[in-house]
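Structure first, commentary second.
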Amino acid sequence: MSGHALPPFASVLKSREVEDPVNLWFNRPMAYGFVALVFRTPVTPNQVTLLATAVGIAAAACIAQGSPERMLWGGILLWSSAILDGADGILARAKQMQSDLGRALDGSADLVVALAVLVGAGYHLWDKHHSIEQMAMLPVITVSSVFHIYLYDYYKESYMAFTKTEWNGRFESRADAVNKLQALRDAQAGWVQRVAGKLYVDLMTNQYFAVKASNPAGLRENIQFPAGQHTAEIYRRYNRVPMRLWTWISLAPHTYLVAISAMFDRFDIYLWFRVIAINLLFFAALRQQRKASEATLAELLPVGAQL
């Protein structure tokens with residue numbers, strides 16, 4: 001891809017199996033529009049990541065303040081942060097500026113925004129309702145949401161690696177991330193790079209153990225096979241349905257729900273929806289994924305897969 005042209009919108013459509021419809025048909029086009037505005041400027045992908053983080057923190061501050069007007073702006077700003085969060089990657093590909101630091105910063109920024117919004121929402125809920133029950137639900141929602149997002153991101157990367165022949169079954173492993181972090185330390189890189197690299201290693205480690213605990217057959221580190229159209233079709237046949245389910249409990253829908261709840265000042269409804277409906281959807285996705293992973297292994301082994 002040339003460094004002087006934006007990637008075609010068609011490239012977004014290829015991701016329809018690993019993204020929810022709102023992200024695919026609304027957030028992504030909006031992100032592409034933003035990239036079109038800044039593409040010929042000196043703005044870098046990492047600067048867009050920092051902007052997304054700042055907008056997300058501003059959203060959290062509005063939510064914590066809690067007036068009707070601030071709650072509305074909090075929801076708008078949080079949704080805007082989500083759009084910018086997608087724009088940094090698009091800009092990086094368009095300018096051919098992908099980097100390990102960028103990937104690490106992106107993941108760290110998501111964590112910072114999520115924690116800031118959690119604190120803001122918790123403060124607002126307590127100020128409005130003084131409900132011990134709601135406060136008890138917050139840590140449950142936090143832990144379960146992180147677990148859901150870890151699994152979605154892991155299975156999304158696996159799906160892309162094993163169904164897109166240009167990836168040729170390759171993916172970045174925990175060992176790769178650890179080696180890159182060690183290289184940064186050996187080179188005495190700046191503290192931002194080292195901290196971001198450490199957070200990225202922690203992310204990949206947590207994802208690995210989350211999958212190992214819930215679905216050992218789904219560990220991509222334990223399987224190798226010659227990637228091609230035939231193997232891609234096998235993987236897609238079994239994993240398309242669970243992948244669609246995972247998209248609905250990923251970070252993007254979580255952000256939409258929080259943003260909408262803020263706009264209408266109904267975090268109380270969101271809490272129950274997240275605890276009951278989203279967790280039921282999670283168990284359905286995990287059940288489907290376990291079956292899909294076992295069936296995938298059974299069919300790929302005869303065509304050359306190695307455990």
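All residue numbers refer to positions in the sequence shown, counting from 1.
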Within the 4.5 Å heavy-atom criterion, are H230 and E233 side-chain neighbours or not? no
Counting C-beta onward and ignoring hydrogens, is there a side-chain heavy-atom pair between V22 and P253 closer than 4.5 Å? no
For N215, run the side-chain contact (heavy atoms from CB on, under 4.5 Å) check against R290, E294, K291 and tell me which one passes. R290
If you round to the nearest 0.5 Å, how far is OG1 of T142 from CG of L118? 4.0 Å
What is the distance from atom CD1 of I149 to atom NZ of K156, rounded to the nearest 0.5 Å? 11.5 Å
Whether Q47 side chain and T44 backbone form a donor-acceptor pair below 3.5 Å: yes
Identify the two heavy atoms, one from A259 and one from L78, that lie closest to each other, and give their separation to 0.1 Å. N-CD2, 3.9 Å
Between I260 and L72, is there a shared hydrophobic cluster once you connect ILVMFWY residues whose side-chain heavy atoms come closer than 4.5 Å? yes
Applying salt bridge (charged side-chain N to carboxylate O under 4.0 Å, His left out), run through D202 and K198 and close with a yes or a no. CA-CA 6 Å; D202 291 344; K198 178 62 168 60; 2.9 Å; yes
Begin from the C-alpha positions of D85 and T53 and carry the test side chain to side chain contact (heavy atoms under 4.5 Å, CB included) through to its verdict. CA-CA 8 Å; D85 184 49; T53 306; over 6 Å; no
For residues N239 and Y159, is any side-chain donor paired with an opposing acceptor at under 3.5 Å? no
Rounded to the nearest 0.5 Å, the NZ atom of K180 sits from the OH atom of Y200 at a distance of 7.0 Å
Membership question, hydrophobic clusters at under 4.5 Å side-chain separation (ILVMFWY): are M137 and V258 in the same one? yes
Over all atoms of both residues, closest heavy-atom pair of V48 and V43: CG2-CG1, 3.7 Å
Same cluster or not: L281 versus F283, using hydrophobic residues (I, L, V, M, F, W, Y) connected whenever any side-chain heavy atoms lie under 4.5 Å apart? yes
If I compare all heavy atoms of M263 with all of W79, which pair ends up nearest, and what's the gap? CE-CE3, 4.2 Å
Does any part of the side chain of N279, heavy atoms only, come nearer than 4.5 Å to the side chain of H148, both counted from C-beta? yes
For side chain to side chain contact (heavy atoms under 4.5 Å, CB included), just list the numbers for R70 and I63, CA-CA rounded to whole Å, side-chain angles, deciding distance to a tenth of an Å, and then say yes or no. CA-CA 6 Å; R70 293 291 177 88; I63 291 169; over 6 Å; no
Provide the closest heavy-atom pair for A52 versus S81 in the form atom of the first, atom of the second, distance. O-OG, 2.7 Å
Could you tell me how the ring of F282 sits relative to the ring of F147: parallel (under 30°), tilted (30 to 60°) or perpendicular (over 60°)? perpendicular
Just by distance, with hydrogens left out, do S131 and E133 show a side-chain donor and acceptor under 3.5 Å apart? no
Are W248 and I278 packed together at the side-chain level, in the sense that at least one heavy-atom pair is separated by less than 4.5 angstrom? no
Only one of Y150, F162, W246, Y235 passes ring pair (Phe, Tyr, Trp, His ring centres under 6.0 Å) with Y155; say which it is. W246
Could you check R237 against I234 for side chain to side chain contact (heavy atoms under 4.5 Å, CB included), going step by step and ending with a plain yes or no? CA-CA 5 Å; R237 183 191 317 147; I234 292 174; 4.0 Å; yes
Donor-acceptor pair between E299 and Y238 side chains, under 3.5 angstrom: yes
As an exercise, state the distance from CD1 of I276 to CG of L271, rounded to the nearest 0.5 Å. 10.5 Å
Hey, does the side chain of Q182 reach the backbone of L184 with a donor-acceptor pair shorter than 3.5 angstrom? no
What's the separation between atom CG in L151 and atom CG in L286, rounded to the nearest 0.5 Å? 7.0 Å
Which heavy atom in L77 sits nearest to a heavy atom in A59, and how many Å separate them? CB-CB, 3.7 Å
Can a side-chain donor-acceptor contact be found between Y270 and H254 if the only test is distance below 3.5 angstrom? yes
Less than 3.5 Å apart, any donor N or O on the side chain of D153 or Q207 sitting next to an acceptor on the other? yes
Flag the pair H129 / H124 as yes when at least one side-chain heavy-atom distance between them is below 4.5 Å, and no otherwise. no
Between K128 and D268, does a salt bridge (charged side-chain N to carboxylate O under 4.0 Å, His left out) hold up when you go through it step by step? CA-CA 10 Å; K128 183 177 181 180; D268 53 331; over 6 Å; no
Tell me whether V275 shares a hydrophobic cluster with F273, the cluster being built from Ile, Leu, Val, Met, Phe, Trp, Tyr side chains joined at under 4.5 Å. yes
Check for a donor-acceptor pair, side chain of Y32 on one end and backbone N or O of A87 on the other, with a separation under 3.5 Å. no
Hey, does Y152 have a side-chain heavy atom less than 4.5 Å from the side chain of M243? yes
Flag the pair I132 / W126 as yes when at least one side-chain heavy-atom distance between them is below 4.5 Å, and no otherwise. yes
Minimum heavy-atom separation for E19 to T247, with atom names? N-CG2, 3.6 Å
Can you confirm whether or not the ring centre of Y154 sits under 6.0 Å from the ring centre of Y208? no
From L245 CG over to S250 OG, what is the distance, rounded to the nearest 0.5 angstrom? 11.5 Å
Does L280 share a hydrophobic cluster with V241, counting links as ILVMFWY side-chain heavy atoms below 4.5 Å and allowing steps through other members? no
Please examine the side chains of N206 and V146, heavy atoms only from C-beta on, and report whether any two atoms are closer than 4.5 Å. no
Let's go through I83 and F26 carefully: what are the C-alpha distance in whole Å and the side-chain angles of both, what is the deciding distance for side chain to side chain contact (heavy atoms under 4.5 Å, CB included) to 0.1 Å, and is it a yes or a no? CA-CA 9 Å; I83 293 171; F26 182 78; 4.3 Å; yes
Within the 3.5 Å criterion, strictly below it, is a donor on S261 or R266 matched to an acceptor on the partner's side chain? no
